[in-house]
K.L.:
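Can you keep this structure in mind? I'll have questions shortly.
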Amino acid sequence: MSEIEVPKGLNGVVVDETAVATTDDSGNLLYRGYRAVELAERVDAADVAYLIVNDRLPSDSERKEFAHKLKEHSGMDGKVSEVMKLLKEKDVMRNLRSIVSLYPYESKDDSDLLLEIAARFPRIISDTFRISRGQEPLEDVDASFSERLYYLFTGKKDAEKARYLNKLLILYMEHEFNASTFALRVTASTLADPVSSIVSALATLKGPLHGGANAEILDFFLGFKDEEEARNYVDEKVASKEKIMGFGHRVYKTRDPRAQFVKEEIRKMDKEAHIFKIAEAIENRMWEKKKVPANLDFYAAIYMHMLGIDQNLYTPLFASSRVYGWIAHYNEQLEGNKIIRPSSRYVGKTGREL
Ligand code: COA
């Protein structure tokens, strides 16, 4: 078999087919053929999760059944809460990954099992965040997908903020062969169990070049007293060839449609906000100096900050949405499975004698 050399990082390499999501010729992200930003504007996040997993928007009865299934599995096993207390770990992504890996997987239907796990994400995240900070877990609420998530992540009931959160959850839900989804597909392709596949995805999402980016943005951001200081920061980073979190993307080289959508939502919330002005100054300077656009994580971090969500929950929030994309890809991978196992070009030593 002749081997093919591909660019580092598989940049620009098509490794398989997918019917879940793509970016069209105009740069729009499509979920199952629908524009993601239009779904974010008009549809409930639970319906979009259903769409991504099932390839169609739900009927009324399917919507009820889906909500029932998520609710049925949304609770927390008492033993798991004990494990959380023992972990004494403040990093929510590490806890989420550890807790999910303990999940029993004797259920017969993988797809149902994956939904059970997805349904538990908000509760695991909320409880582990609170327990590790010496707080009592919150009582659950009977509310919509986004309202419940907003409550579990902030301890507050706020229908308007939940409506804003609904949009972000949709934009985070799916993005074809991104790194965590690809890791999940590699694991699934070995016919490992669904829990292991989700754990691979979680472990990969955590990295700062992927989902972890949104948790690092406010660190450099909140200290700037004015736009000039922010622009100087960009100039210094560019001069020293360092990356700025929240910029650049493998797919979007001029404009990330999700970032621009979230930016407009922030403008609606409060266009005079100091943080918004700083953000625009950084975005404009980055474009001027490097021609690198702001990605979703850049504006999502500001958005979540304005919604009153703790920074430690930004990447976990991403995970509790992206998990529905992972389910769709797990199913797709197994439908036409071939183990993902590339080759390498050896550059090490040869012929060494003992
Ligand atoms: N800050 C400054 N410059 C950046 C940059 C950033 N965040 N992201 C990309 N660039 C520059 C690179 O330095 C490179 O410039 P050069 O050609 O002058 O060397 C060029 O843009 C291409 O970047 P590259 O890293 O090769 O792109 P990639 O497709 O391999 O990587 C990311 C994509 C997302 C990993 C990368 O943009 C990045 O590290 N971004 C920061 C982390 C982040 O926000 N991740 C969330 C992604 S949604």
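One-based numbering along the sequence shown. When reading the values below, keep in mind they use all heavy atoms of this one structure, side chains included, and skip hydrogens, waters and symmetry mates. We count ligands from 1, going down the list as the structure has it; atoms in each ligand are counted the same way.
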K.L.:
Show me which atoms of ligand 1 lie under 4.0 Å from any heavy atom of M245.
P.N.:
42 (C), 44 (O)

K.L.:
Quick one: look up the protein heavy atom nearest atom 27 (O) of ligand 1 and list residue, atom name and how far away it is.
P.N.:
K253 NZ, 4.0 Å

K.L.:
With atoms numbered from 1 as shown, which atoms in ligand 1 lie under 4.0 angstrom from a non-hydrogen atom of D297?
P.N.:
46 (C), 48 (S)

K.L.:
Should the pair K157 and Y151 be classed as cation-pi, given the thresholds of under 6.0 Å to the six-membered ring centre and 45° from the axis?
P.N.:
yes

K.L.:
Does G211 come within less than 4.0 Å of ligand 1, judged by its heavy atoms?
P.N.:
no

K.L.:
Backbone, side chain, both or neither: what part of L209 comes under 4.0 angstrom of ligand 1, heavy atoms only?
P.N.:
both

K.L.:
Just need the protein heavy atom nearest to atom 16 (P) of ligand 1, so name the residue and atom and give the distance.
P.N.:
K290 NZ, 3.8 Å

K.L.:
Heavy-atom contacts with G246 under 4.0 Å: which atoms of ligand 1 show up? List them by number with element.
P.N.:
43 (C), 44 (O)

K.L.:
Inspect the contact between E38 and R42 and indicate whether a charged nitrogen and a carboxylate oxygen are less than 4.0 angstrom apart.
P.N.:
yes

K.L.:
Identify the two heavy atoms, one from M245 and one from P208, that lie closest to each other, and give their separation to 0.1 Å.
P.N.:
SD-O, 3.5 Å

K.L.:
Among side-chain atoms of N214 and Y172, is any donor-acceptor pair under 3.5 angstrom?
P.N.:
yes

K.L.:
So that I know where these two stand, are H68 and H73 an aromatic pair - ring centroids less than 6.0 Å apart?
P.N.:
no

K.L.:
Note the single closest protein heavy atom to atom 25 (O) of ligand 1, along with its residue, its atom name and the distance in Å.
P.N.:
K243 NZ, 2.7 Å

K.L.:
Please identify which of these residues, L296, T181, T23, meets the side-chain contact (heavy atoms from CB on, under 4.5 Å) condition with H175.
P.N.:
T23

K.L.:
Going by the atom numbers of ligand 1, which of them fall below 4.0 Å from some non-hydrogen atom of A213?
P.N.:
43 (C), 44 (O), 45 (N), 46 (C)

K.L.:
Do you see a protein non-hydrogen atom under 4.0 Å from atom 37 (O) of ligand 1?
P.N.:
yes

K.L.:
Students should be able to answer this: which protein heavy-atom is nearest to atom 1 (N) of ligand 1, and at what distance?
P.N.:
I244 N, 2.9 Å

K.L.:
Within ligand 1, which atoms have a heavy atom of M286 less than 4.0 Å away?
P.N.:
1 (N), 2 (C)

K.L.:
State whether the number of non-hydrogen atoms from other residues, nucleotides or ligands found under 6.0 Å of R267 atom CZ is greater than 12.
P.N.:
yes

K.L.:
Near H210, which atoms of ligand 1 are under 4.0 Å from a heavy atom of that residue?
P.N.:
46 (C)

K.L.:
How far is atom 30 (O) of ligand 1 from its nearest protein heavy atom, and which residue and atom name does that atom have?
P.N.:
R250 NH2, 3.1 Å

K.L.:
May I ask you to check if ligand 1 and N11 share an N or O to N or O distance below 3.5 Å?
P.N.:
no

K.L.:
Are a donor atom and an acceptor atom from the side chains of N166 and E147 found within less than 3.5 Å of each other?
P.N.:
no

K.L.:
Go through the side-chain N and O atoms of R258 and N295 and say whether any donor and acceptor fall under 3.5 Å apart.
P.N.:
no

K.L.:
Quick check on atom 47 (C) of ligand 1 - does any protein heavy atom sit closer than 4.0 Å to it?
P.N.:
yes

K.L.:
Looking only at side-chain N and O atoms, does E283 offer a donor or acceptor that is under 3.5 Å from a partner on Y299?
P.N.:
yes

K.L.:
Would you mind checking which non-hydrogen protein atom is closest to atom 34 (C) of ligand 1, with the distance to 0.1 Å?
P.N.:
G248 O, 3.7 Å

K.L.:
Identify the closest protein heavy atom to atom 41 (C) of ligand 1: which residue and atom is it, and at what distance?
P.N.:
F247 O, 3.3 Å

K.L.:
Is the closest basic N to carboxylate O distance between E227 and R285 below 4.0 Å?
P.N.:
no

K.L.:
Charged N to carboxylate O under 4.0 angstrom, E174 versus R322?
P.N.:
no

K.L.:
In the protein, which heavy atom is nearest to atom 20 (C) of ligand 1, and how far is it?
P.N.:
V292 CG2, 4.9 Å

